[in-house]
Colleague: 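Below: one structure in structure tokens.
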Amino acid sequence: MRKSRLSLFKSTSMLISVVGIIMIVSTIIVVAYVGYSIVSSGITNEISSGTQYDELAELKAEYNNLSLKFDSVKSTYYVGGPDDVKVYSDAKLELARADSAIQNAQSALDANKPSNEVDSRIDFAKEKLKAADQAYNNL
């Protein structure tokens, strides 16, 4: 009976050792996977934000060009009378909305908001800039 207890003890302790090793290996695998996910996500976000910075710089350049166009025709409309001033002011309001949308996208990018949120704000700014360009063309 003594030998059977000793044999049972040996097999139980061996089983505990094997299960412990399996748990340690699986823990290492899980930690490695989580670490890999975090690193790859960070790299993807950096690449995405680089593209977003480029798009935002392009939007700002378009806004500056459009703003210069508005300024060049400003005196023509202010000489024309109250109706012309109202038409110009309405168009200039669209430009102000575009500027606000661009600043909103910039603040989201600076605050490290999620990529999809920044993209949606950039798309909104593009729409507003297009509306301002259309308002200028209607002048």
Side-chain angles (χ1 to χ4, degrees):
M1 185 129 178
R2 238 180 186 175
K3 284 193 172 199
S4 67
R5 282 191 214 169
L6 187 60
S7 175
L8 181 64
F9 178 73
K10 283 182 180 179
S11 63
T12 304
S13 94
M14 182 63 84
L15 179 65
I16 291 172
S17 296
V18 169
V19 169
I21 290 172
I22 290 172
M23 289 177 62
I24 290 171
V25 169
S26 64
T27 302
I28 290 172
I29 290 172
V30 168
V31 168
Y33 177 75
V34 169
Y36 172 77
S37 296
I38 290 171
V39 169
S40 66
S41 173
I43 290 172
T44 303
N45 286 341
E46 287 177 16
I47 291 171
S48 179
S49 68
T51 305
Q52 292 166 340
Y53 275 112
D54 292 343
E55 288 179 13
L56 195 59
E58 190 176 304
L59 282 175
K60 286 182 179 181
E62 289 177 22
Y63 169 79
N64 288 335
N65 290 337
L66 192 57
S67 181
L68 290 173
K69 288 180 182 178
F70 268 95
D71 290 342
S72 69
V73 297
K74 180 179 183 177
S75 60
T76 307
Y77 284 92
Y78 275 101
V79 170
D83 290 336
D84 289 341
V85 170
K86 182 180 180 333
V87 169
Y88 177 79
S89 296
D90 289 343
K92 187 76 172 179
L93 182 62
E94 287 296 325
L95 185 66
R97 288 179 181 148
D99 182 43
S100 176
I102 291 170
Q103 296 303 321
N104 189 9
Q106 176 71 48
S107 68
L109 199 53
D110 291 342
N112 292 326
K113 296 279 184 179
S115 180
N116 58 352
E117 183 176 339
V118 174
D119 285 337
S120 69
R121 290 185 187 194
I122 287 175
D123 290 340
F124 183 71
K126 286 179 183 178
E127 291 172 14
K128 289 300 178 183
L129 196 59
K130 193 177 288 186
D133 189 40
Q134 185 65 36
Y136 173 77
N137 291 335
N138 291 338
L139 284 179

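These figures come from a predicted structure and were not determined experimentally. Start at 1 with the first residue, then count along the sequence.
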Colleague: Under 3.5 Å, is there a donor-acceptor pair between the side chain of S17 and the main chain of S13?
Modeller: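 It does hold such a pair.
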Colleague: Roughly how far, to the nearest 0.5 Å, is the CD1 atom of I16 from the OG atom of S11?
Modeller: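 Nearest 0.5 Å value for the OG-CD1 distance: 9.5 Å.
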Colleague: When rounded to the nearest 0.5 angstrom, what is the spacing between CG in L95 and NZ in K69?
Modeller: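 L95 atom CG to K69 atom NZ measures 11.5 Å (nearest 0.5 Å).
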Colleague: For Y88 and V73: C-alpha separation, side-chain torsions, deciding distance, then whether side chain to side chain contact (heavy atoms under 4.5 Å, CB included) applies.
Modeller: CA-CA 9 Å; Y88 177 79; V73 297; 4.1 Å; yes
Colleague: Do E62 and K126 have side chains that get closer than 4.5 Å, going by heavy atoms?
Modeller: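 Answer no - side chains too far apart.
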Colleague: Measuring from atom OG of S115 to atom CG of L109, what distance do you get when rounded to the nearest 0.5 angstrom?
Modeller: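 One gets 9.0 Å once the value is rounded to the nearest 0.5 Å.
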Colleague: Between K130 and E127, does any side-chain N to carboxylate O distance fall below 4.0 Å?
Modeller: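 Here K130 does not pair with E127 in a salt bridge, since their nearest N and O are not under 4.0 Å apart.
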Colleague: Please give me the minimum heavy-atom distance between A101 and A125, naming the atom from each residue.
Modeller: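 Taking A101 first and A125 second, the nearest heavy atoms are CB-CA, 3.6 Å.
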Colleague: For the pair K92 and D71, find out whether any cationic side-chain nitrogen is under 4.0 Å from an anionic carboxylate oxygen.
Modeller: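 Answer for the salt bridge query: yes.
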Colleague: Is a side-chain donor or acceptor of S100 paired with a backbone partner of R97 at a separation under 3.5 angstrom?
Modeller: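 Between the backbone of R97 and the side chain of S100 there is no qualifying donor-acceptor contact (under 3.5 Å).
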Colleague: Evaluate whether atom OH of Y136 has more than 12 neighbouring non-hydrogen atoms of other residues, nucleotides or ligands under 6.0 angstrom away.
Modeller: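 Atom OH in Y136 is crowded, with more than 12 foreign heavy atoms closer than 6.0 Å.
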Colleague: Just do the side chain to side chain contact (heavy atoms under 4.5 Å, CB included) check on K10 and M14 with the steps written out, would you?
Modeller: CA-CA 6 Å; K10 283 182 180 179; M14 182 63 84; over 6 Å; no
Colleague: Please answer: with hydrophobic residues joined when any side-chain heavy atoms are less than 4.5 Å apart, are V85 and V87 in the same cluster?
Modeller: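 Yes, V85 connects to V87 through the hydrophobic network.
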Colleague: If you round to the nearest 0.5 Å, how far is OG1 of T51 from CD of E55?
Modeller: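 Rounded to the nearest 0.5 Å, the CD-OG1 separation comes to 7.0 Å.
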Colleague: Do I22 and V18 come within less than 4.5 Å of each other through their side chains, counting heavy atoms only?
Modeller: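 The answer is yes; the side chains approach within 4.5 Å.
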Colleague: Would you say I102 and Q106 make side-chain contact, with heavy atoms under 4.5 Å?
Modeller: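 No, too far: nothing below the 4.5 Å cut-off.
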Colleague: At what distance, to the nearest 0.5 angstrom, does CG of L66 lie from CG of N137?
Modeller: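 These two atoms lie 8.5 Å from each other.
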Colleague: Do the side chains of Y63 and Y53 join up, straight or via other hydrophobic residues, at under 4.5 Å, putting them in one cluster?
Modeller: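 Both belong to a single hydrophobic cluster.
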Colleague: Can you measure from NZ (K128) to CG (L59) and round to the nearest 0.5 angstrom?
Modeller: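 If I round to the nearest 0.5 Å, the distance is 14.0 Å.
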